[in-house]
Amino acid sequence: MCPERLVLEHVTSRWGALILIALLDRSYRFSELRREIGRVSEKMLAQTLQTLERDGLVHRDAKPVIPPRVDYSLTDLGREAAEQVRGLALWTGQRMTAVRKAREEYDAAKA
């Protein structure tokens, strides 16, 4: 798989897109982000955050305090990607009626 496709997969994956959109508003601690997104396992959230951090889209700020505190935020590159993903999410919401109609027409033609 070419590198561009791999990054595109990370950004547009189910959890990747939701993480990026959530982090547009503010930084989050791990547990806050998990609650904000909903229905994501700790393991999947951790893996996705690590992948997005490796791609330079998410910044992980671990503070040396007890108990440990880790905040996640977007890098400048991540903000650019998140704005693009949010645009696609907004378009999807706005055009859902047309998508439903197209699905119904397709299903009727196949029946």
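All heavy atoms count here, side chains included; hydrogens, waters and symmetry mates do not. Residues take their numbers from the sequence shown, with the count starting at 1. Source: prediction; values computed, not measured.
- To the nearest 0.5 angstrom, Tyr72 atom OH is 11.0 Å from Arg29 atom CZ.
- Leu24 and Arg79 make their closest contact through CD2-NH1, 3.2 Å (heavy atoms, listed as atom of the first residue, atom of the second, distance).
- No more than 12 heavy atoms of other residues, nucleotides or ligands sit less than 6.0 Å from atom CD of Gln84.
- Under the 6.0 Å distance and 45° angle rule, Arg26 counts as a cation-pi partner of Tyr28.
- Not a single donor-acceptor pair under 3.5 Å links the side chain of Thr48 to the backbone N or O of Gly16.
- Shown here are the salt bridge (charged side-chain N to carboxylate O under 4.0 Å, His left out) partners of Asp76, two or more places apart in sequence or in another chain: there are none.
- Across Val40 and Arg34, no two heavy atoms sit closer than the pair O-NE, 2.7 Å.
- Between Arg69 and Asp61, no side-chain nitrogen of the basic residue sits less than 4.0 Å from a carboxylate oxygen of the acidic one, so the salt-bridge criterion is not met.
- In plain terms, the two heavy atoms of Leu20 and Gly78 that are nearest each other are CD2-O, 4.3 Å.
- The two residues Ala22 and Leu33 have their closest heavy-atom pair at CB-CD1, 3.9 Å.
- Within a 6.0 Å radius of NZ in Lys63, other residues, nucleotides and ligands contribute more than 12 heavy atoms.
- Taking a 6.0 Å sphere around CD of Glu83, one finds it holds more than 12 heavy atoms contributed by other residues, nucleotides or ligands.
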